[in-house]
Amino acid sequence: MAGRAAGRLLPLLIFAAFAATPLVAAATGDSFIVSLGIRVMIFAIAALALDLLVGYGALVSFGHAAFIGLGAYAVGILSAHGIADALVALPVALAVSGLFALATGIVCLRTKGVYFIMITLAFGQMAFFTASSLAPYGGDDGLTIRARSLVAGFPLFADDRAFFYVVLGFLLATYLACRAVVASRFGRVFRGSRENAVRMATLGFNVYRFQLAAYVIAGVIGGLSGFLLANATEFVSPAYMSWQRSGELLIMIIFGGLGSLDGAIIGTAAFLLLEQWLSGFTEHWKVIFGPLLVLVAVFARGGIVGLAGRLKELIRG
Amino acid sequence: MAEPVLRLEALRKSFGGLTVTDDVTLEVLPGELHAVIGPNGAGKTTLINQVSGLLTPDAGRIRFAGRDITRLTPDARAMLGLARSFQITSILPGFSVRENVALAVQARAGSSFRFLGRAADEPVLNEPALAALAEVGLAARAEAPAGTLSHGEKRALELAIALAMEPKLLLLDEPMAGAGREETERLVAVLRRLKGRFPMVLVEHDMTAVFALADRISVLIYGRVLASGAPEAVRNDPQVVAAYLGEEME
Ligand SMILES: Nc1ncnc2c1ncn2[C@@H]1O[C@H](COP(=O)(O)OP(=O)(O)O)[C@@H](O)[C@H]1O
Ligand SMILES: [Mg+2]
């Protein structure tokens, strides 16, 4: 029971910290932390989806940024054609990324281990080069969006603070949905397949179908993240789906602790804030950042969440 | 004579140049406990793997519950009522003992494409799981992580998982492998109680256990069925004694 209570405390702290960010910004007059908070939450949504695959299913996808890109391009392309309402753009963004996940997942999930990593990377690169070649939509340079999406005609996203809470709402919904999925019958089969796929098959589960469904769920959530990112930056570009971005997402969830949804959010925040902070010191921040990541990977098994758990045990004795 | 539950017809399987299943024809009748014995490397596990669908035979047919299942996937066979245990323990070490068994129940309790509700809290899954655990004497360990069980307890868990599948046929690949004297006796007692409830194929090295349990015995040597029949007949078969039992009985 103590475990359950602690399991609720951490997310409460996380979401309280997010909710307080705009208030802190208002008090200090530092509006930059609002846009930084928006960025953290948007990538946390994508990281939650990736952790579902990697942390709970051992499906190491190296092409997750493609879904962010697809969601973002759905907003950008629709807006270029004068369709600027979220009631259209959001369903389209989710459907496009979900369909891409279905089509590529059917192929990727026939492979395992390193091959799965390689083929998801290949599909990610395919999406990247396709976006780069979209001359009518900016090609390599990307595409500026005239204004953030409307919601049923209202400019609900226009104000940064209002948009912050919209994103927070989506993050909370994604987090709760992922938690429900992980604990559900579906999630138990998916988690079991990570531990012992042969056993799951001989129990009567078609492991492939469960993994494909999870892959589509993760793709749709990635699309949601892209929809929000395009609105946050009012810009889309092929860089959103670069393999580097896919790699960063993997680092975020490893950083936070694989197989922990709280960890996915914390890892994303730690990654982006550290990046922000170090790049303020020196332009060679990557020289510090790289080795730091290696240290976390080597010494903090279970990431930040795992480290915190071990510290707590140490204190209790 | 009753229609056999399982029928292997001229089954053949080779690994490279090594023929491991050599023209095996074999039947399991309703309610029967059919033991398959033979020296290490005789091809017993390979045979079980073909029946459960983890390996595809090179030739021959497998009929189960009145249909040809030779080309079916392992999960489709399991859904038809084919359950198995593994010689080398195959469980979910990170899951609790109860959840290992509850998953077997879940496979038979409607669709698992349910995304809401905590599976671990569902009485319709937990109650049959706990019943199966009680049957093998593992109820007290239900909440332990399966990976922390002793070797003998893991053997019992394998059996509980198979039981919870409510099988139409149970394939047991050396269920006592590596278990201690006492644990083996307990498992034999469990098998004796299960006998007759559903047909079983029992691969086992422990000859005391085999002769105590089997209705029929088939002896596999170099992938071939050397003899098949009632325990007494097999025990006294000079060919079997010469090839296998002679050394095993000493
Ligand atoms: N996947 C495999 N590839 C190659 N050879 C195998 C494979 N599986 C089993 N064998 C060989 O087939 C023979 C029979 O193995 P097995 O079926 O495990 O025998 P048993 O269970 O009767 O001890 C052994 O010689 C083993 O080395
Ligand atoms: Mg064997």
Side-chain angles (χ1 to χ4, degrees), chain A residues 1-4 7-8 49 52 55-58 98 102 109-110 173-218 220-221 258-261 302 306, chain B residues 48-49 51-55 72-86 88-96 99-122 124-125 145-147 157-158 161-162 164-167 171 173:
Chain A
M1 280 304 109
R4 276 242 182 129
R8 288 200 202 102
L52 204 60
Y56 293 93
L102 181 64
L109 289 167
R110 299 276 176 206
T174 304
Y175 174 80
L176 293 176
C178 286
R179 259 180 95 129
V181 166
V182 165
S184 70
R185 282 190 179 199
F186 172 88
R188 182 152 77 173
V189 176
F190 182 64
R191 285 182 285 126
S193 309
R194 169 190 67 177
E195 291 211 8
N196 191 340
V198 170
R199 189 23 124 181
M200 295 306 283
T202 53
L203 289 183
F205 296 110
N206 184 337
V207 168
Y208 173 77
R209 284 178 52 206
F210 287 86
Q211 291 181 330
L212 185 59
Y215 198 71
V216 171
I217 291 171
V220 169
I221 297 174
L258 286 180
S260 155
L261 296 174
Chain B
I48 297 287
N49 282 342
V51 178
S52 60
L54 297 180
L55 287 173
L72 285 188
T73 55
D75 51 290
R77 294 181 202 208
M79 290 314 277
L80 288 177
L82 202 62
R84 72 165 290 179
S85 76
F86 288 82
I88 297 164
T89 302
S90 180
I91 54 173
L92 309 174
F95 283 55
S96 74
E99 283 204 274
N100 266 273
V101 186
L103 265 166
V105 180
Q106 187 183 321
R108 257 137 219 83
S111 172
S112 277
F113 278 86
R114 290 194 204 164
F115 301 90
L116 296 175
R118 293 179 53 83
D121 295 344
E122 281 191 57
V124 288
L125 305 180
L157 175 56
E158 277 268 348
I161 290 171
M165 291 173 71
E166 296 181 357
L171 309 169
D173 192 0

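This structure is a prediction, so every number in the text was calculated from the model and none was measured. Reminder, nothing fancy here: chain letters follow the sequence lines and each chain counts from 1.
Annotation: maximal heavy-atom pairing with chain A below 4.5 Å, among B/Ala78, B/Ala119, B/Pro74, occurs at B/Ala119. For the options B/Ser52, B/Ala76, B/Ala83, B/Pro93, heavy-atom pairs under 4.5 Å to chain A are most numerous at B/Pro93. No other option in B/Leu116, B/Thr73, B/Leu103 has as many heavy-atom pairs under 4.5 Å with chain A as B/Leu103. Of the listed residues A/Val182, A/Thr202, A/Val181, the one with more heavy-atom pairs under 4.5 angstrom with chain B than any other is A/Thr202. Note on B/Met165, B/Met79, B/Glu122, B/Arg114: by heavy-atom pairs under 4.5 Å with chain A, the leading option is B/Arg114. The candidate with the highest count of non-hydrogen atom pairs below 4.5 Å against chain B, out of A/Asn206, A/Ile217, A/Val198, A/Val207, is A/Asn206.
Side-chain atoms of A/Asn196 do not come within 3.5 Å of backbone N or O of B/Leu92 as any donor-acceptor pair. Distance alone, capped at 3.5 Å, places no donor-acceptor pair between the A/Arg185 side chain and the B/Ala107 backbone. Proximity of a side-chain donor or acceptor of A/Arg199 to a complementary backbone N or O of B/Ser90 within less than 3.5 Å is detected.
There is no contact between B/Ala162 and chain A, counting heavy-atom distances below 4.5 Å. Within the 4.5 angstrom heavy-atom criterion, atoms from both the backbone and the side chain of A/Arg209 approach chain B. Contact of B/Leu80 with chain A is not made at all, since no heavy-atom distance falls under 4.5 Å. Neither the backbone nor the side chain of B/Ala164 comes within contact range of chain A; no heavy atoms are under 4.5 Å apart. In this structure, no portion of B/Arg77 lies under 4.5 Å from any heavy atom of chain A. Of the atoms belonging to B/Ala104, heavy atoms from both backbone and side chain fall under 4.5 Å from chain A. With a 4.5 angstrom heavy-atom cutoff, A/Ala213 touches chain B only via side-chain atoms. Contacts of B/Leu54 with chain A are made by side-chain atoms alone, with heavy-atom separations under 4.5 Å and no backbone atom involved.
Judged as a ring pair (Phe, Tyr, Trp, His ring centres under 6.0 Å), and not counting sequence neighbours, the contacts of A/Phe186 are A/Phe210, B/Phe113, B/Phe115. Qualifying side-chain hydrogen bond (donor to acceptor under 3.5 Å, both in side chains) partners for A/Ser184, counting only residues two or more places apart in sequence or in other chains: none.
Across every non-hydrogen atom of B/Phe95 and A/Arg188, the tightest pair is CE2-CG, 3.7 Å.
Environment of CD in B/Glu166: sparse, with no more than 12 heavy atoms of neighbouring residues, nucleotides or ligands closer than 6.0 Å.
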